[in-house]
Amino acid sequence: MTAESPKNERADRYNAREAEARWQKVWDAAQIFATKNDDPRPKYYVLEMFPYPSGRIHMGHVRNYTMGDVVARFKRAMGNAVLHPMGWDAFGMPAENAAMAQKVHPKAWTYSNIAAMKKQLQSMGLSLDWAREVATCDPSYYKHQQKLFLDFQKAGLVAREYRKVNWDPVDQTVLANEQVIDGRGWRSGALVEQRDLYQWVFKISDYSQELLEALDTLDRWPDKVRLMQKNWIGRSEGLLVRFMLDPATTPNKESELEIFTTRPDTLFGAKFMAIAPDHPLAQAAAKTNPKLAAFIEECKHLGTSQAAIDTAEKLGFDTGIRATHPFDPSWKLPVYVANFILMDYGTGAIFGCPAHDQRDLDFVNKYGLGNTPVVLPPNTDPKTFVVTDVAYDGDGTMFNSKNGVIDLNGMTPQKAFDAVANLLAGTTRGNRPVAQRQVNYRLRDWGISRQRYWGCPIPVIHCDKCGVVPVPDKDLPVKLPEDVTFDKPGNPLDRNPAFTNVKCPSCGGDARRETDTMDTFVDSSWYFIRFTDPWNEQSATTPAIANKWMPVDQYIGGIEHAILHLLYSRFFTRGMKKCGYVGIDEPFAGLFTQGMVVHETYRTKGGEWVEPSNVKIEGLGDARTATLLKTGEPIEIGSIEKMSKSKKNTVDPDDIIAAYGADTARWFMLSDSPPDRDVIWTEEGVQGAWRFVQRLWRLVGEIANVSAPAAKPATFGEQALTVRKAAHRALAAVSDDIGKLRFNRCVAHIYECANALSDAIGHIETAPTPDLAFALREAGDILVRLFHPMMPHLAEECWASLGHKSLVATEAWPELEPALLVETSVTLPVQINGKKRGDVTVPRDAGKDEIEAAVLALDAVQKELAGRRPKKIIIVPQRIVNVVV
RNA sequence: GCGGACGUGGCGGAAUGGUAGACGCAACGGACUUAAAAUCCGUUGGGAGAAAUCCCGUCCGGGUUCGAGUCCCGGCGUCCGCACCA
């Protein structure tokens, strides 16, 4: 497991380190990856999710950017004007944490990280247009974001709400619902508390239905991501129903309780009502009922404890209030406060039908309220059907559902839903219908206020006289002050009078500047549009140019952004369209989510994690043992996990590039594992990739030594034809698979091609015949262009050694001779009753009669038939023959 | 709990319903070398056989089909997402 340095220096080997630096300089000098906005060729926009400048790139970046680079280089060779930019998602908490820990200013920290990481990315040989580089923390970027905020505000997409928010006590900031994972902050891991604060929000929920429907148009997105977004938006259709309350039992003047239900068909099975602990009716009832007040207080605590949520016992408290059933004035239902009812979904109140809802059933079983089934499962006897511990939520036929007001018996639940909805919608009480149909979404508005320094300032001013006043355009950007301190928790902007004390733009009086900054997900919700014209100082975009390049044709990044970043970006693009910045709704036409880079973990008997470079592995399979390199102390080999600093199972891209070169790292990243699955990083695998780099170099060297006729020979001999077929077969296969991002198969095809060429050269006794020489040179030219997207430096070196004066990076993709893929004869496997018993070789276009004759002539078939006639012969042309006897 | 994906050699993985295991890694045997590394040649799913060849084999049990790793039904297992959503 020691990273033995390959001997790059030997003269007979390809010196990756030297060659890679050299070609990177050549590319840079020739400016071949700079993209012009007036390029007339068909556009192709390929983008990888831009990195957070943490300081160093990791293997996940290497994998992500290698994939994007393969696509970019391939599309360039295919004749597209390719836009392939890179930038920095540069605002965020780590910069402030570093400021606190290391006494370095977030700006200095961020920019030095950017410089370091840029150098690392450049060492990978990525074909990026660095002239378009943006950093979201730069005023030249966030100036436009502030203008976008104000434009969104004018367009009604921004609101300021007094909101119950998720407060991260460690990071001292508000988190969006999406940023709370299992009750903990997504970054700090701290238990999240509930607090009430004024929050700026983007009204993403205005687009719930549109964001949901448009998912169907994203046919080049993974189904998985579309489904995750669909579930996140969480549409449900139901009925809002107003229940009358028994006046004698209500604590205040409330005469009604409005509930939301998706199952009005089960109203005859109702046994109770339940309201959220923070429902106004519950609050009112608690005023005169100390026990209820205590219960409500208890619910609040339960909500924040992770363990309590997991065990999730359904608890309730009878308020004493009674509600009247809408179908029967004499039917009274008890109203409970229940800990499993959420105030922010529906109306914060439900009716409970225990027979057909598991939660409700658990609840009545605890409080002895009983249940009445009203949906009869198919093929079930109504006399014997009972519900005890398991609620029935399937389809069936309505029963037990009839009185003088309505008769649902015999209907399907769907029909019953409509019957109930129609009846109650047509019944009025106090000039309003008793019920109305309603669609609910799980998706909440996007709270963007963050009490942090290192973010984009929200460009508004608070004036006692004029209220909230937008910063005038001429005063943009609202720049972050640089003289800030991080010696105390909380937002440094709050204690910066030079920043906060301003004059009201409206009345000129003393006013206070907003100190909240924007969630960094705002920064990344439009950077892909900014890349189209990052030079525009006046506006976030130049619409004609944005419309030329957008949408992104291929977006590549991690699955962890399946909901947050991608949903916000879809919303933001719609907002920008509404404000006239772009003409499209969907920012990403094609999406690919790549797998993680994982590695075995190692730890001492004492439980301490050990870095792979310190471990020596011996043996095979289950018998593998590991010891500490220095001391020989035994090490436990742990599970394979995502590379992470905490488990010390990381491999530094810099070390790999220094030892083997970028091409080896790139090739290994693309080999073996399908790109959407995890790839296991192994030292053996990297060495295998490095050996192949050397092998290609030797192979091309041998081909370069072949002197071939300038003109294409009129005919090719068998050997030459074999070589040509191998090259063109690989060409066809790689072209197809690269377009589908199946890089692991591309790698296999390139191996096959190289194997075939090595084989052909190995069989040459003295000098190749002219036709073979020509075929080898042709195949060499094809092979080099085929692996160029994956290993661009090696490809340049090989291309030059083959005598070409051009750069392979600017060469067109090889042209396929389809005739070479067509075989003149085919060998068909012959099965008898589905088992292979031989094969026949027939002309490619042989008719069924001809094939049948050849098959029947086979010894194996003759023997099996023993004179009988076959029952049936199935002939699939150019595929297989099956004889049924 | 709900939703989804997946299950193939020692390992990563190939395989429009049509010869299962392409390609790579690892391993083993050989050549070259004083030796090693590198390189090259060969073997490599299991079993029987001297060989030709045959039998078994894609998590388990059924089914559809001339033919199933692939499609359908029922299990088991792994992974991912969501989770008191009414």
Side-chain angles (χ1 to χ4, degrees), chain A residues 4 6-7 10 12-13 181-182 222-225 227-232 234-236 238-239 259-264 266 274 276 302-303 309-310 312-314 338-342 344-353 357-360 362-363 393 440-442 559-560 562-563 620-624 667-668 671-674 676-680 682-689 691-692 694-695 698 742 744-752 754-755 758 762 827-839 860 870-876 878-885:
Chain A
E4 278 168 43
K7 296 161 189 70
R10 278 175 52 164
D12 58 339
R13 293 215 182 148
I181 294 152
D182 294 337
D223 290 342
K224 183 184 179 178
V225 174
L227 186 68
M228 282 164 75
Q229 292 216 350
K230 185 182 169 210
N231 291 340
W232 191 264
R235 179 193 155 103
S236 61
L239 207 60
I259 60 103
F260 176 70
T261 178
T262 55
R263 294 297 302 272
T266 64
L302 276 172
I309 289 172
D310 283 349
E313 191 187 0
K314 313 267 171 291
N339 64 346
F340 60 95
I341 307 300
L342 307 175
D344 61 358
Y345 187 82
T347 61
I350 63 151
F351 86 86
C353 175
D357 182 293
Q358 191 60 46
R359 271 172 332 191
D360 295 349
D362 292 346
F363 191 78
D393 60 0
N440 255 311
Y441 299 91
R442 214 189 72 114
I559 186 75
E560 68 272 20
I563 297 170
L620 277 176
D622 291 343
R624 283 182 352 133
W667 185 254
F668 174 68
S671 308
D672 296 349
S673 289
D676 53 344
R677 282 197 222 168
D678 292 350
V679 61
I680 305 173
T682 62
E683 189 67 19
E684 294 81 4
V686 181
Q687 283 176 1
R691 277 199 301 272
F692 188 60
Q694 297 299 334
R695 218 186 112 202
R698 284 194 306 274
R742 297 193 287 209
N744 57 320
R745 304 214 312 185
C746 294
V747 165
H749 300 312
I750 288 168
Y751 267 110
E752 278 171 326
N755 289 347
S758 299
T827 301
L828 300 177
V830 176
Q831 297 180 331
I832 296 172
N833 292 335
K835 300 214 172 198
K836 197 198 165 195
R837 284 293 181 271
D839 43 44
K871 278 191 194 143
K872 204 171 174 186
I873 298 181
I874 289 126
I875 295 169
V876 184
Q878 294 171 57
R879 271 291 178 190
I880 201 165
V881 180
N882 193 9
V883 182
V884 186
V885 296

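Keep in mind that this is a model prediction, so the values were computed, not measured.
- Counting only heavy atoms from C-beta on, A/Pro829 has its side chain closest to B/rU19 among B/rG12, B/rG13, B/rU19.
- For A/Thr266 against A/Phe351, the heavy-atom pair with the smallest separation is OG1-CZ, 3.7 Å.
- Regarding contacts with the backbone of B/rA14, a side-chain N or O of A/Asn744 is found under 4.0 angstrom from either OP1 or OP2.
- Nucleic acid contact for A/Asp360: none, since no nucleic acid atom lies under 4.0 Å from a heavy atom of the residue.
- Within 4.0 Å (heavy atoms only), A/Phe260 reaches at least one base atom of the nucleic acid.
- Within the shown strands, B/rC82 is the pairing partner of B/rG1 under the Watson-Crick or G-U definition, both distances less than 3.5 Å.
- Side-chain nitrogen and oxygen atoms of A/Tyr751 include none within less than 4.0 Å of the OP1 or OP2 phosphate oxygen of B/rG24.
- In this structure, B/rA27 forms a base pair with B/rU43, meeting either the Watson-Crick or the G-U wobble geometry with both donor-acceptor distances under 3.5 Å.
- A gap of 8 Å separates the C1' atoms of B/rC2 and B/rA83, to the nearest Å.
- At the heavy-atom level, A/Thr261 lies under 4.0 Å from the strands shown only through sugar-phosphate atoms.
- Here the nucleotide nearest the side chain of A/Trp232, chosen from B/rC82, B/rA86, B/rG13, is B/rC82.
- Using N1 to N3 plus N6-O4 or O6-N4 for Watson-Crick, or N1-O2 and O6-N3 for G-U wobble, each under 3.5 Å, B/rU53 pairs with B/rA48.
- Residue A/Val884 is in sugar-phosphate contact alone, with no base atom involved, counting any heavy-atom pair closer than 4.0 Å across all strands shown.
- Nearest heavy-atom pair, A/Asn231 versus A/Arg442, reported as atom, atom and distance to 0.1 Å: O-NE, 3.8 Å.
- Rounded to whole Å, the C1' atom of B/rG4 lies 24 Å from the corresponding atom of B/rA68.
- A/Tyr751 approaches A/Gly688 most closely through the heavy-atom pair OH-O, 4.2 Å.
- Among residues two or more places apart in sequence or in another chain, the salt bridge (Lys or Arg N to Asp or Glu O under 4.0 Å) test is passed with A/Asp839 by A/Lys836.
- Under 4.0 angstrom from either OP1 or OP2 of B/rU19 there lies no side-chain N or O belonging to A/Asn882.
- Regarding A/Trp667, its CH2 atom lies at a distance of 14 Å from the C1' atom of B/rC25, rounded to whole Å.
- At whole-Å resolution of the value, CG in A/Leu828 and C1' in B/rG67 are 15 Å apart.
- With distances taken from any side-chain atom of A/Ile874 to the nucleotides B/rG12, B/rG13, B/rG18, the minimum falls on B/rG18.
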Test log, rule side-chain contact (heavy atoms from CB on, under 4.5 Å), inputs A/Glu752 and A/His749:
CA-CA 5 Å; A/Glu752 278 171 326; A/His749 300 312; 3.7 Å; yes
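- Side-chain contact between A/Ile680 and A/Asp678: absent, with no pair of heavy atoms (C-beta onward) separated by less than 4.5 Å.
- Rounded to whole Å, atom C1' of B/rC11 lies 12 Å from atom CZ of A/Phe668.
- Between A/Ile259 atom CD1 and B/rC85 atom C1' the separation is 14 Å, expressed in whole Å.
- Contact annotation: A/Arg263 does not reach the phosphate of B/rA86 (side-chain N/O to OP1 or OP2, under 4.0 Å).
- For A/Thr827 and A/Ile350, each mapped to the nucleotide of RNA chain B holding its nearest heavy atom, the one lying further toward the 5' end belongs to A/Thr827.
- At least one side-chain nitrogen or oxygen of A/Arg691 sits closer than 4.0 Å to the OP1 or OP2 atom of B/rA26.
- Separating the CG atom of A/Asp393 from the P atom of B/rC84 is a distance of 18 Å, rounded to the nearest angstrom.
- Across all strands shown, B/rG9 forms no Watson-Crick or G-U wobble pair with both distances under 3.5 Å.
- Spacing between B/rC25 and B/rG61 at atom P, rounded to whole Å, works out to 35 Å.
- Using a 4.0 Å heavy-atom criterion, one finds that A/Ile341 contacts the bases of the nucleic acid, with or without backbone contacts as well.
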Going through the checks in order, is the side-chain contact (heavy atoms from CB on, under 4.5 Å) test met by A/Arg837 and A/Val883?
CA-CA 10 Å; A/Arg837 284 293 181 271; A/Val883 182; over 6 Å; no
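- Put simply, CD on A/Glu560 is 10 Å from P on B/rG81, counting in whole angstrom units.
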Strictly under 3.5 Å: I want the nitrogen or oxygen pairs between protein and nucleotides 2-4 of chain B, one per line.
none

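- When each of A/Val876 and A/Asp672 is assigned the nucleotide of RNA chain B bearing its nearest heavy atom, the one mapping closer to the 5' terminus is A/Asp672.
- Ranking B/rG18, B/rG81, B/rA26 by closeness to the A/Met228 side chain, first place goes to B/rG81.
- When every heavy atom of A/Ala860 is checked against every heavy atom of A/Ile832, the shortest pair comes out as O-CD1, 3.9 Å.
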Trace of the side-chain contact (heavy atoms from CB on, under 4.5 Å) decision for A/Arg263 with A/Ile350
CA-CA 10 Å; A/Arg263 294 297 302 272; A/Ile350 63 151; over 6 Å; no
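- Only the P atoms considered, B/rG10 is 24 Å distant from B/rG62, to the nearest whole Å.
- Counting only distance, with no hydrogens or angles, the side chain of A/Asn833 and the backbone of A/Val885 share a donor-acceptor pair below 3.5 Å.
- Atom P of B/rG63 sits at a distance of 15 Å from the matching atom of B/rG57, rounded to the whole Å.
- The side chain of A/Arg879 lies closest to B/rG18 when the candidates are B/rG18, B/rC85, B/rC23.
- For the OP1/OP2 pair of B/rA83 and a distance below 4.0 Å, the side-chain nitrogens and oxygens of A/Arg442 include at least one atom meeting the criterion.
- Scanning both residues, A/Ala562 and A/Gln229, for their nearest heavy atoms gives O-NE2, 2.9 Å.
- Distance check on atom P: B/rA51 versus B/rU39 gives 33 Å, rounded to whole Å.
- Look at B/rU19: it lacks any Watson-Crick or wobble partner with both distances under 3.5 angstrom.
- Using a distance-only test at 3.5 Å, with no hydrogens or angles considered, no donor-acceptor pair links the side chain of A/Asn440 to the main chain of A/Ser236.
- Spacing between B/rC59 and B/rU8 at atom P, rounded to whole Å, works out to 6 Å.
- For A/Ile680 and B/rG12, the CD1 to P distance is 6 Å, given to the nearest whole Å.
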Worked check of side-chain contact (heavy atoms from CB on, under 4.5 Å) between A/Ile750 and A/Trp667:
CA-CA 11 Å; A/Ile750 288 168; A/Trp667 185 254; 3.8 Å; yes
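- Applying the 90° criterion around 0 to the glycosidic angle, B/rG61 comes out anti.
- Taking atom CZ of residue A/Phe363 and atom P of nucleotide B/rG1, one finds them 23 Å apart after rounding to whole Å.
- Of the candidates B/rC85, B/rA86, B/rU39, B/rA86 carries the atom nearest the A/Ser236 side chain, counting heavy atoms from C-beta on.
- Aromatic ring pairs are classed by plane angle as parallel below 30°, tilted from 30° to 60° and perpendicular above 60°; the pair A/Tyr345 and A/Phe260 is perpendicular.
- A distance of about 15 Å separates the P atoms of B/rU58 and B/rC11, rounded to the whole Å.
- Within residues 830-837 of chain A, the residues having any heavy atom under 4.0 Å from RNA chain B are, by residue number, A/Gln831, A/Lys835, A/Lys836, A/Arg837.
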